[in-house]
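Written out below as structure tokens is the structure these notes cover.
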Amino acid sequence: MTQLQEHSTTSQNLGSDQHMDMVARFSANNYEPLPVVIARGEGSWVWDVEGNKYLDCLSAYSALNFGHSHPAILDAFIEQARKLTLTSRAFQNDQFGPFCEELTQFCEMDLVLPMNTGAEAVETAIKTARKWGYKVKGVEDNKAQIICCTGNFHGRTTTIVGFSDDPQTKDGFGPFTPGFPLVEYGSIDALKAAITPNTVAFLFEPIQGEGGVVVPPDGFLKEVRELCTQHNILMIADEVQTGLARTGRRFAVDHENVKPDLVILGKALGGGVMPVSAVVGCKEALGVFNPGDHGSTFGGNPLGCAVARQALRILKEDDLASQSDKKGQDFRDRLRAANCSKIKEVRGKGLLIGIEMTPEAGAAKPWCKKLMGEGVLCKDTVESVMRIAPPLNISQADLDWALERVIKILS
Ligand SMILES: *Cc1c(COP(=O)(O)O)cnc(C)c1O
């Protein structure tokens, strides 16, 4: 067997450098990952192919809220995988009904529309809002507008990148879908000014994750709710990253006790093992769909549903929201108290933590690389912000260990 054939049949004996070389040669170059090749994960820890151990303080952008290989999630996954994985929705399956009932109860909403990825769920919410606008609100055909925010991140489809204000996100991908005016994130006056009779929805992240862990001013969510009600506009919260206990509450909108018309979920809904996303919302909006209007081959598949049901169960039974709330607050307090010279600001809610570098310290990426050398994996978001978002069930000892290293590197 030649060296190359050996490689193509087994990855057992390849080192990190060989793996990275293969990726460089055979994969499109749309990511620039940290130079670590992970081969195993358990709880908050991962191991690279050489056996080095790292603490995962990114959690796959909050998709791993339960950590790696959570035993109960794996049990649900394996048990369901042995029974039934996929039917498509041409037929019914025995996981979908219970999933919908449990998710609507968890969300205190009426209806669910299941998809797979976050971006698909965002697209679904957009289609819902437009159809609701035409069929219920009475907006003239093809005139519907959905107001979005500066600094937004809602995914990577052509329609969604069309209303991003990040030049790289859009460059080379036009022409874009019209009907998505932008307003300054966190400004209720800007939102007010942008509303027209053709406005059907306001789509926003209650905390902007990819935008740099940007927390809107206190009271913003409440004012959005009032404004949307007043003008008969759907309030659509993209909680793909902030939902399911990440920010110390069930949803980030729960910090202000407001109820959107539609909530978009993804990432952690699949327990870190399956892509599961959904739009959950009121009957008036999600009730606009008729058979054939919209769909997805894998959306609502029994394997994803079984895993999501288990994820919701763990979320409630282990009270991950209060764990996230306490651990995150404590982390931020102690990090601020350390007065690190490289840090301009520490922000966030729960275990969604943003560390903004001083202008002198520059971009966050090199500091993430230094932290990796200390055994902590995390990721820069916008240029100057380092995001710390470990699994919500991380032990206090492990979180202390991470904090020590963050302080050491950024002092
Ligand atoms: C990650 C993310 C998405 C997109 O999810 P994908 O599964 O990557 O398509 C959408 N909205 C927000 C707020 C996100 O953080």
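Order of appearance sets the numbers: ligands from 1, and atoms from 1 within every ligand.
- Interface of Gln241 with ligand 1, defined as ligand atoms under 4.0 Å from a residue heavy atom, comprises 15 (O).
- Ring geometry for His70 versus Phe66: interplanar angle over 60°, hence perpendicular rather than tilted (30 to 60°).
- Shown in contact with Ala119 at under 4.0 Å from a heavy atom are these atoms of ligand 1, numbered in order with element: 4 (C), 5 (O), 6 (P), 9 (O).
- Shortest contact from atom 11 (N) of ligand 1 to any protein heavy atom: Asp238 OD2, 2.7 Å.
- Of all the listed residues (His154, Lys267, Glu205, Met115), Lys267 holds the heavy atom that lies closest to atom 14 (C) of ligand 1.
- Among the atoms of Gly155, none of the N or O lies under 3.5 angstrom from an N or O of ligand 1.
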Report the C-alpha distance between Val224 and Val258 in whole Å, list the side-chain angles of each, state the deciding distance to 0.1 Å, and finish with yes or no for side chain to side chain contact (heavy atoms under 4.5 Å, CB included). CA-CA 9 Å; Val224 167; Val258 301; over 6 Å; no

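- Under the 3.5 Å distance criterion, with hydrogens and angles disregarded, no donor-acceptor pair is assigned to the side chains of Gln208 and Gln241.
- Cation-pi geometry between Lys170 and Phe176 is satisfied (NZ or CZ under 6.0 Å from the ring centre, within 45° of the ring normal).
- A heavy-atom distance below 4.5 Å is found between the side chains of Gln145 and Thr196.
- Looking at Arg387 and Thr381, their side chains never bring a donor and an acceptor atom within 3.5 Å of each other.
- With a 4.0 Å heavy-atom cut-off, ligand 1 is reached by the backbone of Phe153 and by its side chain too.
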Apply side chain to side chain donor-acceptor pair (under 3.5 Å) to residues Asp325 and Gln329 and explain how you reach the verdict. CA-CA 6 Å; Asp325 196 34; Gln329 191 55 53; over 6 Å; no

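- Not a single protein heavy atom sits closer than 4.0 Å to atom 8 (O) of ligand 1.
- Proximity of Arg156 to ligand 1, defined as any heavy-atom pair under 4.0 Å, is not found for any part of the residue.
- Looking at atom 5 (O) of ligand 1, its nearest protein heavy atom turns out to be Gly118 CA, 3.3 Å.
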